[in-house]
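Written out below as structure tokens is the structure these notes cover.
Starting from 1, each residue takes its place in the sequence as its number.
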Amino acid sequence: MLTHSKRTVEGNLDNPRLRIQIAPELNYLGNLKTTTLNDVSIDNYYFVHQTDIGNIRRILYFQFEASINDHILNYPTMQTIKINDYPFVYDGGVRPYRSSKIEEQAVASDVRKTVDFLSEQGVHFQEGELYGALRFAHQFDDVKQKDVLIIYLEHVYEADVPADVIAKSRYSDEWQPYCDQLIARALRTFTICED
């Protein structure tokens with residue numbers, strides 16, 4: 001269950017369930033259930049802080065995944081973090097939004113489906129603008145066929161990141177202090193509650 005102020009959104013792909021409280025400045029946008037590449041079912045819940053004309057300032061979404069076949073959901077090169085005693089791996093970076101890059105993605109990719117869904121809801125990333133992004137992953141089973149991704153993006157004006165760090169972010173040592181700031185802001189947008 002995802003709880004947002006007085007709004008409740010229920011449902012995910014399978015047990016265990018998570019109860020998540022969302023910061024009130026993020027508005028619930030909707031739910032996308034679909035199948036992506038490698039026969040992975042996703043059940044996504046989107047929360048957005050946007051401008052009056054639909055430009056995304058910040059977006060937080062939860063992607064519950066389950067492999068339909070024997071596809072392994074694996075994240076071998078990511079760092080580790082605990083969020084409310086749940087173990088997660090994570091990575092992040094800063095990149096410009098380019099619609100041409102999205103169009104290069106397979107139509108069945110989760111990124112392409114998310115951008116299309118957001119557009120249908122009247123919200124969008126700004127072409128050419130920089131966004132800081134984090135991806136947290138928690139696996140529910142030892143066979144690595146069920147997980148939840150928590151994805152947080154913010155317009156880069158929220159972060160003071162030098163251009164040279166942006167150019168080599170994600171895995172560079174220089175990126176880590178800015179990534180830590182981004183993580184702190186992301187973790188203020190949601191709380192995983194005890195069931």
Side-chain angles (χ1 to χ4, degrees), residues 1-4 8-20 22 28-48 56 59-93 95 97-121 123-125 131-153 169-171 179 183 186-187 189-190 192-195:
M1 174 166 46
L2 301 174
T3 304
H4 176 264
T8 299
V9 182
E10 293 191 49
N12 61 19
L13 291 173
D14 205 346
N15 290 326
R17 295 169 58 103
L18 290 179
R19 195 162 60 89
I20 303 168
I22 308 300
Y28 176 62
L29 190 66
N31 170 235
L32 170 67
K33 292 182 182 184
T34 188
T35 302
T36 66
L37 298 172
N38 302 315
D39 288 329
V40 174
S41 288
I42 63 171
D43 187 8
N44 288 7
Y45 298 85
Y46 299 90
F47 299 85
V48 180
I56 294 171
I59 183 168
L60 171 70
Y61 66 96
F62 300 84
Q63 182 164 304
F64 293 89
E65 299 184 323
S67 179
I68 296 171
N69 54 32
D70 293 330
H71 178 70
I72 301 298
L73 304 168
N74 205 10
Y75 307 96
T77 61
M78 296 168 74
Q79 299 181 71
T80 60
I81 189 173
K82 277 203 167 184
I83 303 175
N84 297 73
D85 292 328
Y86 286 87
F88 282 82
V89 292
Y90 75 93
D91 64 3
R95 293 289 179 265
Y97 176 79
R98 302 268 185 235
S99 55
S100 59
K101 292 289 185 187
I102 301 301
E103 290 163 8
E104 289 172 5
Q105 300 253 345
V107 174
S109 76
D110 58 341
V111 172
R112 180 81 175 264
K113 288 185 178 241
T114 284
V115 171
D116 289 346
F117 176 81
L118 295 174
S119 179
E120 290 166 9
Q121 308 309 311
V123 299
H124 47 271
F125 297 101
Y131 290 86
L134 287 170
R135 176 180 61 158
F136 303 97
H138 171 73
Q139 295 185 308
F140 290 130
D141 59 7
D142 292 336
V143 295
K144 299 182 178 180
Q145 293 185 329
K146 294 179 188 167
D147 67 18
V148 60
L149 300 180
I150 301 174
I151 299 168
Y152 174 81
L153 294 99
S169 68
R170 199 167 182 122
Y171 300 112
C179 185
I183 289 170
L187 294 182
T189 64
F190 70 96
I192 300 176
C193 307
E194 294 298 324
D195 226 1

**Request:** Indicate the atoms forming the closest heavy-atom contact of Leu32 with Lys113, along with that distance.
**Result:** CD2-O, 3.9 Å
**Message:** Are Phe140 and His138 an aromatic pair, judged by ring center distance below 6.0 Å?
**Reply:** yes
**Prompt:** Listed by chain and number, what are the ring pair (Phe, Tyr, Trp, His ring centres under 6.0 Å) partners of Tyr46, not counting sequence neighbours?
**Reply:** Tyr61, Phe117
**Request:** To the nearest 0.5 Å, tell me how far Ile68 CD1 sits from Thr35 OG1.
**Result:** 4.0 Å
**Message:** In the structure I gave you, are the side-chain heavy atoms of Ile150 and Tyr152 within less than 4.5 Å of one another anywhere?
**Reply:** no
**Request:** Kindly indicate whether the side chain of Ile42, heavy atoms from C-beta on, has any atom under 4.5 Å from the side chain of Val40.
**Result:** yes
**Check: Asp147 and Tyr75 side chains under 4.5 Å, non-hydrogen atoms** = yes
**Asked** Do Phe190 and Leu60 come close enough that some side-chain heavy atom pair is under 4.5 Å?
**Response** yes
**Request:** Evaluate the criterion side chain to side chain donor-acceptor pair (under 3.5 Å) for residue pair Gln79 and Asp91; output intermediate values, then yes/no.
**Result:** CA-CA 7 Å; Gln79 299 181 71; Asp91 64 3; over 6 Å; no
**Item:** Partners meeting ring pair (Phe, Tyr, Trp, His ring centres under 6.0 Å) with Tyr97 (sequence neighbours left out)
**Value:** Phe125
**Prompt:** Where do Ile192 and Asn84 come nearest, in terms of heavy atoms and distance?
**Reply:** O-ND2, 3.0 Å
**Prompt:** So, for Phe62 and Tyr45, is the gap between ring centers shorter than 6.0 Å?
**Reply:** no
**Student check: side-chain heavy atoms of Ser109 and Thr114 closer than 4.5 Å** = no
**Fill in**
Between the CD1 atom in Ile59 and the CG atom in Leu153, the distance rounded to the nearest 0.5 Å is 7.0 Å
**Asked** How long is the gap from CD1 on Ile83 to OH on Tyr90, to the nearest 0.5 Å?
**Response** 10.0 Å
**Asked** Between CG of Asn38 and CD of Glu65, what distance do you get to the nearest 0.5 Å?
**Response** 10.5 Å
**Residue pair Asn44 / Asn31, side-chain donor-acceptor N/O under 3.5 Å** = no
